[in-house]
Novice: 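Okay, here's the structure, questions in a sec.
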Amino acid sequence: MKRTMLNQAEAVQSQPDRRTMAAAGVTVLLWASAFVGIRGAVPYFSPGALALGRLLAGSAVLGVILLVRREGWPPRAAWPGILVSGVLWFGAYTVALNWGEQEVDAGTAAMVVNIGPLLIALLGGRLLGEGFPPRLLAGMAMSFGGAVVVGISMSGQGRASVTGVLLCLAAAVTYAVGALSQKPALRHASALQVTTFGCFVGTAACLPFAGQLVSQAARAPLAATLDVVYLGVFPTAVAFTTWAYALARTTAGRMGATTYLVPALVVLMAWAVLGEVPGWLSLLGGLLCLAGVAVSRRRAPGR
């Protein structure tokens, strides 16, 4: 009986359905939009205050949904993964990324942080027994090359400090470890439970920044505060839930590869929303990201 259930789970992971693909698509779309939201808020909020404000908004929305759906407290077996993902991904990653982007230009940050999906694939193959499918690795290498090209095209005259690069590297590592820690938790709890309580844990970890958030929110314009709320409701509450839903139904490596769609979408969103016309180098990098994701998502013949 147990063997049959494992075989069924493996079949689901190897052949994700349309709902899984749709959830992954919502995730990358909203995560890409976060770059626009962060750009509007970062002049008025420090890294810790911005992280806490975002997580508070996300926690409020997720808490209401959890109560309405009456899903309750996660099982004890899910808590190790929830705690690790909450502290590292929701908390440390968000602060490190906000801080790193104040120290380096956007292009450098994009290149360094995009080490994260590669780490997810490598650690997932080693620690979760997902293996190292050649198509996945080839596609991720292609997408990472595209992310580097996009990063180079985004780099301006700003200086890249050693501190900023280290912070972005820390963001990549905490992103990878935090995302991977969700996978075992999702065997025991729903996507909504794992996301909601992970967000609660991340919010608690960021509470030392409460004083900064209160003082800065009082001085910030309404538009910047609304950007923080948007980041909490959509790229956090919605996108992290759809991520967890899709992660429970496919491998961590494939989900990590899918996030390489984000740089390509950011180029298009910056063009549409901010009026930043992309150069040929940005478009080339975006196309490489798209091609790499397409390769990584293809199944080998006969599967």
Side-chain angles (χ1 to χ4, degrees), residues 1-14 16 19-20 23-24 27 51-52 54-96 116 119-131 173-208 210 232-233 235-256:
M1 182 67 176
K2 184 179 293 186
R3 183 64 182 173
T4 302
M5 291 177 65
L6 288 174
N7 290 338
Q8 290 175 345
E10 290 173 357
V12 169
Q13 289 193 350
S14 64
R19 290 184 179 180
T20 303
T27 298
L52 178 59
R54 175 177 178 172
L55 291 172
L56 283 171
S59 293
V61 172
L62 288 167
V64 170
I65 296 174
L66 190 77
L67 290 174
V68 170
R69 291 181 60 87
R70 299 181 180 179
E71 293 202 13
W73 199 261
R76 181 181 300 178
W79 273 100
I82 290 174
L83 290 172
V84 173
S85 66
V87 172
L88 292 184
W89 196 9
F90 286 88
Y93 164 78
T94 307
V95 176
L119 292 176
I120 290 176
L122 295 175
L123 292 174
R126 180 70 175 177
L127 301 179
L128 301 180
E130 295 178 354
V173 173
T174 53
Y175 159 40
V177 177
L180 280 174
S181 67
Q182 285 191 329
K183 187 66 176 177
L186 288 165
R187 297 172 187 163
H188 308 284
S190 71
L192 179 59
Q193 288 174 318
V194 171
T195 303
T196 301
F197 286 90
C199 194
F200 289 169
V201 171
T203 302
C206 290
L207 283 177
V233 175
T236 302
V238 176
F240 274 79
T241 302
T242 52
W243 160 277
Y245 176 89
L247 180 62
R249 291 159 176 80
T250 187
T251 64
R254 285 181 179 271
M255 279 302 294

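This is a predicted model, so every value here is computed, not measured. Both backbone and side-chain heavy atoms feed into the values below; hydrogens, waters and symmetry mates do not. For this chain, numbers begin at 1 and follow the sequence in order.
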Novice: Taking it one step at a time, do Phe200 and Leu55 satisfy side chain to side chain contact (heavy atoms under 4.5 Å, CB included)?
Specialist: CA-CA 8 Å; Phe200 289 169; Leu55 291 172; over 6 Å; no
Novice: Which atom names give the shortest non-hydrogen contact between Leu88 and Thr174, and what distance separates them?
Specialist: O-CB, 3.4 Å
Novice: Donor-acceptor pair, distance only, cut-off 3.5 Å: does the side chain of Thr242 make one with the backbone of Ala24?
Specialist: no
Novice: Can any side-chain N or O of Lys183 pair as donor or acceptor with the backbone N or O of Ala252 at less than 3.5 Å?
Specialist: no
Novice: Is a side-chain N or O of Ser181 found less than 3.5 angstrom from the main chain of Gly178, in a donor-acceptor match?
Specialist: yes
Novice: Please collect all side-chain hydrogen bond (donor to acceptor under 3.5 Å, both in side chains) contacts where either partner lies in residues 58-72, sequence neighbours excluded, each pair once.
Specialist: Ser59-Thr203, Arg69-Glu71, Glu71-Ser190
Novice: Look up atom CZ in Arg254 and atom CD1 in Ile120, then write down how far apart they are to the nearest 0.5 Å.
Specialist: 14.5 Å
Novice: Going through the checks in order, is the side chain to side chain contact (heavy atoms under 4.5 Å, CB included) test met by Trp79 and His188?
Specialist: CA-CA 9 Å; Trp79 273 100; His188 308 284; over 6 Å; no
Novice: Quick one: does any side-chain atom of Thr27 pair with a main-chain N or O of Ala239 as donor and acceptor, under 3.5 Å?
Specialist: yes
Novice: Between Thr236 and Arg54, what is the shortest heavy-atom contact and its length?
Specialist: OG1-NE, 2.6 Å
Novice: Given Thr250 and Thr20, is the side chain to side chain donor-acceptor pair (under 3.5 Å) satisfied, shown in steps?
Specialist: CA-CA 8 Å; Thr250 187; Thr20 303; over 6 Å; no
Novice: Looking only at non-hydrogen atoms, find the nearest pair between Ala237 and Gly58 and report the distance.
Specialist: CB-O, 4.0 Å
Novice: Return the set of residues passing side-chain contact (heavy atoms from CB on, under 4.5 Å) with Ala189 (not counting sequence neighbours), or none when no residue passes.
Specialist: Pro74, Pro75, Ala78, Gln193, Val194
Novice: Do Gln182 and Trp243 pass the side chain to side chain donor-acceptor pair (under 3.5 Å) test, and can you show the C-alpha distance, the side-chain angles, and the key distance before you say yes or no?
Specialist: CA-CA 10 Å; Gln182 285 191 329; Trp243 160 277; 3.0 Å; yes
Novice: Using every non-hydrogen atom in the two residues, find where Leu52 and Cys206 come nearest and quote the distance to one decimal.
Specialist: CD2-O, 3.6 Å
Novice: Looking at every heavy atom in both Ala51 and Val95, which two are closest together, and how far apart are they?
Specialist: CB-CG2, 3.7 Å
Novice: Please determine whether side chain to side chain contact (heavy atoms under 4.5 Å, CB included) holds for the pair Val87 and Leu83, giving the CA-CA distance in whole Å, both sets of side-chain angles, and the decisive distance to 0.1 Å.
Specialist: CA-CA 6 Å; Val87 172; Leu83 290 172; 5.5 Å; no
Novice: Over 60° means perpendicular and under 30° means parallel, so tell me whether Trp73 and Phe197 are parallel, tilted or perpendicular.
Specialist: perpendicular
Novice: Of all residues at least two apart in sequence or in a different chain, which pass the side chain to side chain donor-acceptor pair (under 3.5 Å) check with Thr241?
Specialist: none
Novice: Quick check: closest heavy atoms across Thr196 and Gly63, and the distance to 0.1 Å?
Specialist: CG2-N, 4.2 Å
Novice: Kindly state whether the ring of Phe90 and the ring of Phe240 have centres lying under 6.0 angstrom apart.
Specialist: yes
